[in-house]
Amino acid sequence: MPAPLERTEPRPNERLSRNLAVASTLALILLCLAWELWLAPTGRGTLALKALPLLAAPFGLLRYRMYTYRWLALVIWLYALEGLVRATSEGGLGQVLAGLEVVLSLVVFTACTAHIRQRLAAAKAA
């Protein structure tokens, strides 16, 4: 049996999870850059490089690539862990930003896993 062709557009029930994944990933990128460059920089701002792995994600998410949803759902835990460590070790604005990083990471993970489950269910039904 030949493999089904990859879809390039989400179904209506998949749009919410895709849009949420894209929006929260972009918000996390902006948070990482703003945090390390302007709001509460640590050192000379070199920690802003942590946003680099996330820069590829929105393109794959918008192109509806299942691989991107899968790797992002795994990689995002590094950001959640960093946020948890810094939320418990820093004070002031850094602690608030770390908490926001954890929340955004959880939203990205939830949106990606929901999208993956919806796509797999749709493929199974087809």
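Only heavy atoms go into these numbers, but all of them, side chains included; no hydrogens, no water, no symmetry mates.
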Which value, rounded to the nearest 0.5 Å, describes the distance between [X] atom [atom1] and [Y] atom [atom2]?
X: C112; Y: M66; atom1: SG; atom2: CE; result: 10.5 Å
X: L26; Y: L62; atom1: CG; atom2: CG; result: 7.5 Å
X: K124; Y: L120; atom1: NZ; atom2: CG; result: 10.0 Å

Is there a continuous path of hydrophobic side-chain contacts, each under 4.5 Å between heavy atoms, that joins [X] to [Y]?
X: L55; Y: L47; result: no
X: L31; Y: L33; result: yes
X: V108; Y: V85; result: no
X: L61; Y: L16; result: no
X: L28; Y: V103; result: no

Pairs meeting criterion side-chain hydrogen bond (donor to acceptor under 3.5 Å, both in side chains) with involvement of residues 47-58, two or more places apart: E36-K50, K50-E82

Might you point out which heavy atoms bring [X] and [Y] nearest each other, and give the distance in Å?
X: A87; Y: Q95; result: O-NE2, 2.9 Å
X: L37; Y: G45; result: CD2-O, 3.9 Å
X: I29; Y: L54; result: CD1-O, 3.4 Å
X: S105; Y: I76; result: O-CG1, 3.6 Å
X: L97; Y: A40; result: CD1-CB, 4.2 Å
X: R18; Y: Y64; result: CD-CD1, 4.3 Å

Test: ring pair (Phe, Tyr, Trp, His ring centres under 6.0 Å). Region: residues 16-39. Which pairs qualify, not counting sequence neighbours? none

May I have all residue pairs that pass ring pair (Phe, Tyr, Trp, His ring centres under 6.0 Å) and include part of residues 81-109, sequence neighbours excluded? W77-F109

Among T25, L72, T68, exactly one meets side-chain contact (heavy atoms from CB on, under 4.5 Å) together with P58. Which residue is that? T25

Residues two or more places apart in sequence or in another chain: which of them pass side-chain hydrogen bond (donor to acceptor under 3.5 Å, both in side chains) with E90?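 In terms of side-chain hydrogen bond (donor to acceptor under 3.5 Å, both in side chains), with neighbours along the sequence ignored, E90 is linked to R86.
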
side-chain hydrogen bond (donor to acceptor under 3.5 Å, both in side chains) filter on S17, not counting sequence neighbours, yields H115, Q118

Partners of [X] by side chain to side chain contact (heavy atoms under 4.5 Å, CB included), sequence neighbours excluded?
X: V102; value: L84, L106
X: L74; value: none
X: A121; value: none
X: L30; value: none

Crowding at CZ, R117 (>12 non-hydrogen neighbours, <6.0 Å):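 Atom CZ in R117 is not crowded, with 12 or fewer foreign heavy atoms closer than 6.0 Å.
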
Determine yes or no for a side-chain-to-main-chain donor-acceptor pair under 3.5 angstrom, with Y79 supplying the side chain and E101 the backbone.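 No.
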
Tell me the salt bridge (Lys or Arg N to Asp or Glu O under 4.0 Å) pairs involving residues 104-116, sequence neighbours left out?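 Every pair satisfying salt bridge (Lys or Arg N to Asp or Glu O under 4.0 Å) with a residue in residues 104-116: there are none.
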
